[in-house]
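Below is one structure, written out as structure tokens; comments come after it.
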Amino acid sequence: MVKVRFAPSPTGYLHVGNTRTALANYLFARKEGGVFVLRVEDTDVERSEAAYEAALLEDLRWLGIAWDEGPYRQSDRTDIYRAHIETLLEKGLAYKCFCSKERLEEMRKQAQDKGEPPKYDGTCRDLDPDAVRDLEKAGAPYVVRFRAFKKVIRVRDLIHGEIQFPADHVDDFILLKQELTPSYNFAVTVDDMLMGITHVIRGADHISNTPKQIMLFQAFGQEPPRYAHHSLLTGHDQKPLSKRHGATHVREFRDMGILRQALTNYVGILGRNVPREIMDEEELIETFSLSSLSPSDSLFDLEKLVWFNKEYIRKLPTDSILLEMGLPAAYRDKIALLQENARTLGEIRQFLDIFEGTGIEEEGSAYLSEAKNLSAVVASLDDALKDGVMSFDEILKKLEGTGLKKREFFMTLRVVCTGRKNGPPLKDVFPLIGRDMITRRVSWVKTRFSLP
Ligand code: GLU
């Protein structure tokens, strides 16, 4: 049976790139009738925070990415990793290394100067067992390193195809850090092995870790899982997606008023060959396959996400939008009108000031200050309100009766009535604004522009 995992590190908020990993695992598990595990990788004690873990879970729940097992937390599994370290030490496949931080730092610098990746030089690889015992007795700090195999590693990646790593790619990397917590590569391998993970689906930034993990599987005499490394996301400049490109965290999108359906739909089809763009969860699952994922980087386009959002806002029942926005049923007609054209829920919220705001927003006010027909429009509107006329057609007739041209006065009328230069069709929004609000705006405009 297929078993996959999403293994975020709680060192920040859920990023859209990581969301893609989560979603790919989730869709694959659902498609294959498999199990989706959530595992929190908090071995980096300094950077991991409980608050980020809580936020990750909250964001996944909000997205509707439901896990079947977990969340497991690596910090709860320290004993398991230590026991597995012992196994490798006993088998002679790992060794204790007493090299000082300074020496390692020096080596790293030298490699850097030569433009080479830093590699451990194997100084402690063959220390005499007595020397090791003495050092330990003396309380010398140590790490445990893997006695890496010097052999070529081949992986048949389910997205990238065959990848080959040369025999010297993997050095004697650290398994257990000085504070006796496991390294990322060690904890991941032990967990993937014990949890029976069949497919590792993650970002291409982990490709270079894969040979290390495969070697560890071999060291434990186990078959490694299949690997599928999806491409990474970029901005319009083709650089890796980062803060510089704007919003990148799920909660930033949520705060902007992006619907979860739009975000999962867009992220769920990024870099994929799909029969159509708009797909609900069922269709996303149905059409999912690892081979439909492109090995090349994918553009994350906020405008495109907003396009999806607009589609979903329009399609969703008004009651769902009310629920999303925490608004009572009294707003139904207003929201039904605004959802026709809104790009985000945030925009809907802004446009609600048509019905609730006082006065005129800045852009509208700037328009009115230039509008030659303002006093005529205001006077007619004032008259109409006094006469108790509230039908939009009648008000139009009244204005046209003054000799004003509809085309010319329409924007002025819109701004005076709604407080904005743009919004839903005036004839639709007008009846929802209500006499009181329009009367208030008219007197606001009169005071502001010193009209009689
Ligand atoms: N914890 C790793 C990360 O957040 C993921 C490790 C993996 O998927 O193997 O990048």
Side-chain angles (χ1 to χ4, degrees), residues 2-29 34-57 59-60 63 65 67 69-78 81 146 153 155 157-160 163 165 170 173-175 177 181-217 220 222 224-233 240-242 248-250 267 290 293:
V2 160
K3 196 167 183 189
V4 292
R5 80 315 191 266
F6 175 52
S9 301
T11 54
Y13 292 117
L14 186 61
H15 188 269
V16 70
N18 246 354
T19 306
R20 191 160 175 232
T21 312
L23 206 50
N25 279 286
Y26 172 75
L27 296 175
F28 184 66
V35 175
F36 176 49
V37 175
L38 178 62
R39 188 170 77 213
V40 178
E41 302 205 325
D42 55 353
T43 52
D44 186 340
V45 188
E46 263 163 39
R47 292 177 56 226
S48 297
E49 281 181 31
Y52 284 135
E53 178 185 320
L56 281 169
L57 303 194
D59 290 350
L60 287 173
L63 286 164
I65 301 180
W67 52 94
E69 250 186 50
Y72 297 108
R73 196 181 292 120
Q74 288 186 326
S75 57
D76 294 337
R77 299 168 59 79
T78 315
Y81 306 125
F146 183 53
I153 296 282
V155 194
D157 188 279
L158 296 170
I159 295 170
H160 290 264
I163 310 176
F165 298 89
V170 175
F173 59 96
I174 293 176
L175 303 177
K177 298 186 261 187
T181 55
S183 67
Y184 154 70
N185 277 301
F186 188 64
V188 162
T189 309
V190 170
D191 285 348
D192 285 346
M193 187 169 74
L194 297 185
M195 292 174 187
I197 300 301
T198 59
H199 294 72
V200 167
I201 307 169
R202 59 186 174 192
D205 47 338
H206 286 292
I207 289 181
S208 66
N209 288 319
T210 306
K212 295 183 182 169
Q213 296 172 16
I214 290 178
M215 271 191 204
L216 281 173
F217 269 97
F220 285 111
Q222 301 279 330
R226 319 279 320 262
Y227 290 92
H229 290 92
H230 64 71
S231 62
L232 301 181
L233 299 179
L241 193 66
S242 75
T248 50
H249 293 126
V250 166
V267 174
L290 292 170
L293 283 163

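Whatever order the structure lists them in is the order used to number ligands and atoms, beginning at 1. Since the model is a prediction, treat every value here as computed from it, not as a measurement.
- Looking only at heavy atoms of the protein, atom 1 (N) of ligand 1 is closest to E41 OE1, 2.5 Å.
- The side chain to side chain donor-acceptor pair (under 3.5 Å) test applied to D76 returns R73, not counting sequence neighbours.
- For ligand 1, the atoms sitting less than 4.0 Å from at least one non-hydrogen atom of R202 are 7 (C), 8 (O), 9 (O), numbered in the order shown with element in parentheses.
- Salt bridge K3/E69: present, at least one basic N to carboxylate O contact under 4.0 Å.
- Regarding atom 3 (C) of ligand 1, its nearest protein heavy-atom neighbour is H206 NE2, 3.7 Å.
- The closest approach between a heavy atom of Y184 and any atom of ligand 1 is below 4.0 Å.
- Ring-plane geometry between F220 and F186 is classed as tilted, the angle between the planes lying from 30 to 60 degrees on a 0 to 90 degree scale.
- Between R5 and ligand 1, a contact under 3.5 Å exists for at least one N or O pair.
- Across A204 and H160, no two heavy atoms sit closer than the pair CB-NE2, 4.4 Å.
- Counting only residues at least two apart or in different chains, salt bridge (charged side-chain N to carboxylate O under 4.0 Å, His left out) contacts with residues 5-28 comprise R5-D192.
- Considering backbone and side-chain atoms alike, V188 places every N or O at 3.5 Å or more from each N or O of ligand 1.
- At least one N or O atom of S9 sits closer than 3.5 Å to an N or O atom of ligand 1.
- Between P10 and E41, the shortest heavy-atom contact is CD-O, 3.4 Å.
- Scanning all protein heavy atoms for the shortest distance to atom 5 (C) of ligand 1 gives A7 O, 3.3 Å.
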